[in-house]
Asker: 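Shown below is the structure under consideration.
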Amino acid sequence: MLTKKKGVLAAAFLGASVLMGACGSASTEETTSLKLSHFWPSHHIVHTQVLEKFGSDLESETNGAVTLELYPGGSLGTPPEQYDLATTGTSDISLSVHGYTSGKFPLVEVMDLPFVVTSSEEGSKKLWELYKEFPELQEEHGDTHPLALFTGEPNQILSKDKPIERLEDLRGLKVRSPSTLGNEILEAVGAVPVSMPVNDIYESLNKGVIDAALAGVSTVNDLNLHEVVDHVTIANLSASSMFITMNKDRYDQLPESEKEKFDALSENLSQQAGAALDQGGQDGLDKADEVGISVIELSSEEQEKFEKALQPVIDDWIKTKEAEGLPGQSIYDAATAK
């Protein structure tokens with residue numbers, strides 16, 4: 001009987017030892033979960049093809065030590081609040097549009113100027129290179145740790161009822177603007193700018209708050225604007241620069257071994273986001289064709305009219321930045337260099 005009790009006690013002790021060892025082992029394996037917040041819906045192409053892939057690659061490369069938790073649709077904050085979410089640590093990483101935070105990013109506006117961006121991938125690659133080249137651009141983002149700077153596909157004119165075939169067709173129309181610079185662009189071509197995030201375009205067009213929107217064609221598909229848009233005019237009037245940026249303290253807290261893998265994966269994020277948005281633009285054109293939205297190409301004569309009307313916007317931007325002690329001319333020349 002005594003022998004049997006000893007056996008039971010020994011087995012119990014062994015089981016407890018194994019359990020304690022397992023618990024002790026698990027406690028030494030630290031896992032870092034990072035919250036990434038953005039304003040697009042979860043079906044958006046950047047969410048599905050870029051952010052989800054980044055999270056999967058990050059988890060794989062770090063053997064599960066670093067994971068990414070995505071918060072789409074502005075669930076942690078509105079589009080204009082995203083940068084501050086990363087600054088304060090409410091989110092570890094945030095994605096949004098620079099132009100939603102007026103005046104905070106004066107030099108990055110260069111990518112929003114007329115005719116600078118011809119494709120999102122090309123513009124995104126160039127913007128990331130400009131960030132590395134110009135300390136002034138780095139200072140604009142100095143209170144966070146940028147992982148990617150990229151541009152949307154060129155902004156076109158999406159109208160509900162009236163087709164925009166000539167410069168004169170825009171006169172007096174209420175047109176959604178993505179930024180302060182967008183306001184200047186629209187005013188220069190005779191339109192009345194109405195500032196709003198991209199998420200508000202659908203409802204505003206549907207209710208007649210605006211007549212048209214300055215936005216990328218990807219929105220026709222990604223944000224269901226095919227339901228409220230009748231015409232798309234290809235004009236390449238501007239582009240919207242964007243960021244994926246991280247709370248500095250959170251980045252600094254990453255173990256060095258994981259930080260190297262994190263940096264390696266984020267190095268290509270800008271170009272990947274640009275490529276996805278270009279694909280989104282093509283998907284938008286395909287959707288427009290499918291549902292019968294007219295796609296209008298400006299004649300060379302009308303394109304020249306737009307260019308002439310918008311040259312003062314470019315000149316004034318450069319002049320203003322130079323007067324503020326910023327390298328407006330240098331960064332514009334670099335952004336437009338072939």
Side-chain angles (χ1 to χ4, degrees), residues 13-77 79 81-96 120-121 124-125 127-128 131-132 138 141-150 222 242-277 279-280:
F13 179 77
L14 178 61
S17 299
V18 170
L19 181 61
M20 291 176 64
C23 292
S25 174
S27 65
T28 59
E29 296 177 3
E30 295 184 5
T31 299
T32 301
S33 180
L34 301 173
K35 294 184 294 184
L36 191 155
S37 171
H38 69 86
F39 62 93
W40 279 315
S42 59
H43 65 264
H44 192 278
I45 195 167
V46 171
H47 180 101
T48 58
Q49 293 192 14
V50 180
L51 301 180
E52 286 185 352
K53 183 179 185 303
F54 180 58
S56 177
D57 290 346
L58 191 61
E59 186 170 357
S60 175
E61 288 295 317
T62 62
N63 295 318
V66 183
T67 61
L68 202 60
E69 190 174 358
L70 301 180
Y71 290 83
S75 57
L76 294 185
E81 292 173 338
Q82 293 298 323
Y83 190 83
D84 286 341
L85 293 182
T87 303
T88 60
T90 303
S91 66
D92 301 307
I93 304 170
S94 287
L95 180 160
S96 195
S120 182
E121 184 173 7
S124 300
K125 183 178 179 182
L127 178 54
W128 191 239
Y131 172 75
K132 294 178 179 179
Q138 296 167 23
H141 303 80
D143 45 3
T144 62
H145 178 83
L147 306 179
L149 301 181
F150 60 105
D222 285 333
M242 309 181 205
F243 58 79
I244 303 175
T245 200
M246 186 172 181
N247 178 271
K248 289 184 76 170
D249 290 339
R250 198 71 163 117
Y251 174 78
D252 291 340
Q253 289 166 6
L254 290 175
E256 285 303 318
S257 58
E258 311 305 345
K259 193 179 294 184
E260 291 177 7
K261 297 170 184 175
F262 191 86
D263 291 343
L265 287 173
S266 62
E267 179 60 29
N268 296 316
L269 265 182
S270 298
Q271 194 167 348
Q272 290 168 0
L277 286 169
Q279 180 59 55

Asker: What are the two closest non-hydrogen atoms of L70 and E52, and how far apart are they?
Answerer: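 Minimum heavy-atom contact is CD1-CG, 3.7 Å.
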
Asker: Would you say the side chain of Q253 lies within less than 4.5 Å of the side chain of N247, judging by non-hydrogen atoms?
Answerer: no

Asker: Can you tell me how far the CD atom of Q82 sits from the CG atom of L36, to the nearest 0.5 Å?
Answerer: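 Rounded to the nearest 0.5 Å, the CD-CG separation comes to 9.0 Å.
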
Asker: Measure across A276 and V46 and return the closest heavy-atom pair with its distance rounded to 0.1 Å.
Answerer: CB-CG2, 4.5 Å

Asker: Once rounded to the nearest 0.5 Å, what's the spacing between atom NE2 of H43 and atom NE2 of H47?
Answerer: 10.5 Å

Asker: Determine the minimum heavy-atom distance between S94 and A86, stating which atoms define it.
Answerer: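 For S94 and A86, the tightest heavy-atom pair comes out as OG-N, 3.6 Å.
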
Asker: Taking Q271 for its side chain and E121 for its backbone only, find out whether a donor-acceptor pair lies under 3.5 Å.
Answerer: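 Between the backbone of E121 and the side chain of Q271 there is no qualifying donor-acceptor contact (under 3.5 Å).
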
Asker: Would you confirm whether S270, through its side chain, and L149, through its main-chain N or O, come within 3.5 Å as a donor-acceptor pair?
Answerer: yes

Asker: With ring-ring contact (aromatic ring centres under 6.0 Å, His included) as the rule and sequence neighbours excluded, what pairs involving residues 257-277 come up?
Answerer: F54-F262

Asker: With a 4.5 Å heavy-atom cut-off, do M242 and L277 have their side chains touching?
Answerer: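 Yes - at least one pair of side-chain heavy atoms lies under 4.5 Å apart.
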
Asker: Should F150 and Q272 count as side-chain neighbours, where that means a heavy-atom distance under 4.5 Å?
Answerer: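 Of all side-chain heavy-atom pairs linking Q272 with F150, none is under 4.5 Å.
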
Asker: Please tell me if the side chains of I93 and Y251 come closer than 4.5 Å, counting only heavy atoms from C-beta onward.
Answerer: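 Result no, sub-4.5 Å side-chain heavy-atom pair not found.
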
Asker: Can you tell me how far apart CD (E81) and OG1 (T87) are? Round to the nearest 0.5 Å.
Answerer: 12.0 Å

Asker: Between L95 and W40, is a side chain to side chain contact (heavy atoms under 4.5 Å, CB included) present by the stated rule, with each step listed?
Answerer: CA-CA 9 Å; L95 180 160; W40 279 315; 3.6 Å; yes

Asker: How many angstroms lie between atom CH2 of W128 and atom CG of L147, to the nearest 0.5 angstrom?
Answerer: 7.0 Å

Asker: Would you say L265 and E61 make side-chain contact, with heavy atoms under 4.5 Å?
Answerer: yes

Asker: Work out which heavy atom in P79 is nearest to a heavy atom in S96; give both atom names and the distance.
Answerer: O-OG, 2.8 Å

Asker: Where the side chain of Q138 meets the backbone of Y131, is there a donor-acceptor pair that is under 3.5 Å apart?
Answerer: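 A pair under 3.5 Å: yes.
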
Asker: Could you measure the distance from the NE2 atom of H44 to the NE2 atom of H38? Nearest 0.5 Å is fine.
Answerer: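 Going from NE2 on H44 over to NE2 on H38, the span is 8.5 Å.
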
Asker: At what distance, to the nearest 0.5 angstrom, does CG of N63 lie from OG1 of T31?
Answerer: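 If I round to the nearest 0.5 Å, the distance is 11.0 Å.
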
Asker: K53: which residues meet the side-chain hydrogen bond (donor to acceptor under 3.5 Å, both in side chains) condition with it, sequence neighbours left out?
Answerer: D57

Asker: Taking the side chain as C-beta and beyond, is there a heavy-atom pair between T67 and L58 under 4.5 Å?
Answerer: no

Asker: Name all residues meeting the side chain to side chain contact (heavy atoms under 4.5 Å, CB included) criterion together with D92; count only those two or more places apart in sequence or in a different chain, and write none if there are none.
Answerer: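 Applying side chain to side chain contact (heavy atoms under 4.5 Å, CB included) to D92 gives L34, K35, R250.
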
Asker: So which atom in L254 and which in K259 form the shortest heavy-atom distance, rounded to 0.1 Å?
Answerer: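 Of all heavy-atom pairs spanning L254 and K259, the closest is O-CE, 3.5 Å.
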
Asker: Identify the two heavy atoms, one from P41 and one from D222, that lie closest to each other, and give their separation to 0.1 Å.
Answerer: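 Answer, listing the atom of P41 first, then D222: CG-O, 4.2 Å.
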
Asker: Between T245 and Y83, is there a side-chain donor-acceptor contact under 3.5 Å, judged purely by atom types and distance?
Answerer: no

